[in-house]
Undergrad: 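Mind looking over this structure? Questions follow.
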Amino acid sequence: MELLEERIQSDGKVAPGNVLKVDSFLNHQMDPQLFNEMAKEWYRLFGHKKINKILTIESSGIGMASLAGLYFNVPVIFAKKSKSINIEGEVYKAEVESFTHKNTNTVIVSKDFINDGDRVLLIDDFLAEGSAMLGLIQICQEAGAEIEGIGIAIEKGFQKGGERLRERNLPLRSLAIVESMDPETGTVYFRENDITPVD
Ligand code: 5GP
């Protein structure tokens, strides 16, 4: 998605440890107009799939997933990062390793909100090693929900997440795929991405 690539190029910062900082429009300050364009693009890619729920993970996925929820006209659920499992009722759980924080979180989703037969679109801001997405996939599988699409804003193509999901034939589309980043100059190089609606 050209608009997103341009924005990453102009406002993104290449940080040590292969981290791309996009705090000024995505991870801290948010640009709702950009999120709206991203949501429209996800609707173009997945809108024909009879999706009835969107699932994301706190916290950075929530803003963009909410905008997508308006186009798909479906509820948006976010997996909560929980230290103590004291949320009421029964929950699905998955272990998610954080690439940026270098720790492991248990993420939970109440069994009230994902059910057998649901047709789910997963959304997140970044795809790096794939731990966050694999956690959400595990939760959907446990619930008996179908994964109809995986919409990522920024995939870091030099990490393993994209490969892990594609080799399982999951319907993944990333709006921008970073091929490499030069920490010296701050230049971000993009890979061509698949912009066709999923099958
Ligand atoms: P994964 O689970 O695929 O390894 O990492 C995805 C999660 O880590 C995302 O939810 C995102 O919050 C965070 N993340 C991974 N890489 C980056 C990065 O380069 N920049 C930022 N801002 N977040 C990242």
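For ligands, and for the atoms within them, numbers begin at 1 and follow the listed sequence.
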Undergrad: Can you tell me which residue pairs pass the salt bridge (charged side-chain N to carboxylate O under 4.0 Å, His left out) test with a partner in residues 129-144, sequence neighbours excluded?
TA: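 Only Glu129-Arg164 qualify under salt bridge (charged side-chain N to carboxylate O under 4.0 Å, His left out).
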
Undergrad: Could you pull out every protein residue that has a heavy atom closer than 4.0 Å to ligand 1, ordered by chain and then number?
TA: Asn18, Val19, Leu20, Asn27, Phe99, Thr100, Asp124, Asp125, Phe126, Leu127, Ala128, Glu129, Gly130, Ser131, Ala132, Lys156

Undergrad: Rounded to the nearest 0.5 Å, how far does CG of Leu170 lie from CD1 of Ile147?
TA: 6.0 Å

Undergrad: From Lys80 NZ over to Ile108 CD1, what is the distance, rounded to the nearest 0.5 angstrom?
TA: 7.0 Å

Undergrad: Between Arg173 and Glu41 (side chain of the first, backbone of the second, donor and acceptor by atom type, cut-off under 3.5 Å), is there such a pair?
TA: no

Undergrad: Under the 3.5 angstrom rule, does the side chain of Asp118 hit a backbone N or O of Val120 as a donor-acceptor pair?
TA: no

Undergrad: Got a salt bridge between Glu155 and Arg166, using NZ or NE/NH1/NH2 to carboxylate O under 4.0 Å?
TA: yes

